[in-house]
Amino acid sequence: VQLQASGGGLVQAGGSLRHSCAASGRTFTRDLMGWFRQPPGKEREFVASISRTGSTTYYSDAVKGRFTISRDNAKKTVYLQMNSLKIEDTAVYFCAADRNAILTAGLPYSANKENYDDWGQGTQVTVSS
């Protein structure tokens, strides 16, 4: 079971980036998927989650309206589109998979990093002024 993330980089405030996270060796369609981030010197925090079918999404208040999580089950890939980036979005971003979540898992369950079983390697996003 592996999660391979890509898409980080350096961008100016107001710009956009798109993360991808590809899963291998697993039944991806059963997994609740999430994105988390860890700002410098801080704890890892919830960004967004998406249900198995993609029909339900949740966002932290910090990114709501600017970020969009989506998934393509045929490609076993989850995405995070980040628009209107702010300096405070600077962090290492991680994708994660919960293999045991129920279909209707919502908040606060999907925002709890302890519920996720597998993690991608983390990609750096740096937003400059």
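From a predicted model like this one, the values you see are computed outputs, not experimental measurements.
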| said: Can you confirm whether more than 12 heavy atoms, excluding those of E88, are under 6.0 Å from its CD atom? | reply: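 It does: E88 CD has more than 12 such atoms within range.
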
| request: Say whether V78 and F36 are linked into one hydrophobic cluster, either directly or through other cluster members, by side-chain heavy-atom distances under 4.5 angstrom. | output: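 Per the 4.5 Å side-chain linkage, V78 and F36 are not co-clustered.
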
| request: Verify the cluster assignment for I50 and F94: are they in a single hydrophobic cluster under the rule of side-chain heavy atoms below 4.5 Å apart? | output: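 They do not share one cluster, since no chain of ILVMFWY contacts under 4.5 Å joins I50 to F94.
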
Report, one line per pair, each donor and acceptor closer than 3.5 Å where one atom sits in a side chain of residues 8-18; sequence neighbours left out.
residue	atom	partner	partner atom	Å
S16	OG	N83	OD1	2.9

Measuring from atom [atom1] of [X] to atom [atom2] of [Y], what distance do you get when rounded to the nearest 0.5 angstrom?
X: R30; Y: R52; atom1: CZ; atom2: CZ; result: 8.5 Å
X: D98; Y: D117; atom1: CG; atom2: CG; result: 5.0 Å
X: L80; Y: Y59; atom1: CG; atom2: OH; result: 8.0 Å
X: S24; Y: L3; atom1: OG; atom2: CG; result: 7.5 Å
X: T68; Y: Y79; atom1: OG1; atom2: OH; result: 14.0 Å
X: Q81; Y: I69; atom1: CD; atom2: CD1; result: 12.5 Å

Give a yes or no on whether the backbone of [Y] and the side-chain of [X] come within a donor-acceptor separation of less than 3.5 Å.
X: R71; Y: S51; answer: yes
X: R37; Y: V125; answer: no
X: N115; Y: Y109; answer: yes
X: T77; Y: K75; answer: yes
X: D31; Y: M33; answer: no
X: Y116; Y: C95; answer: no

For the student: nearest non-hydrogen atoms of [X] and [Y], plus distance:
X: L32; Y: S49; answer: CD1-CB, 4.4 Å
X: Q124; Y: T90; answer: NE2-CG2, 4.0 Å
X: R66; Y: L85; answer: NH1-CA, 3.9 Å
X: F28; Y: K76; answer: CD2-CA, 3.5 Å
X: I87; Y: S129; answer: CD1-CB, 3.6 Å

| request: Answer with yes or no after comparing the ring centroid distance for F46 and Y58 against a 6.0 Å cut-off, counting only values under it. | output: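 When the ring centroids of F46 and Y58 are compared, they turn out to be at least 6.0 Å apart.
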
| request: Report the relative orientation of the aromatic rings in H19 and W35; use parallel for angles under 30°, tilted for 30 to 60°, perpendicular for over 60°. | output: tilted

| task | Please step through salt bridge (Lys or Arg N to Asp or Glu O under 4.0 Å) for the pair K64 and D61, ending with a clear verdict. | result | CA-CA 5 Å; K64 197 174 297 182; D61 289 342; 3.3 Å; yes

| Sub-4.5 Å side-chain heavy-atom contact between W119 and K113 | yes

| request: Could you tell me whether the side chains of S6 and Q4 share a donor-acceptor contact shorter than 3.5 Å? | output: no

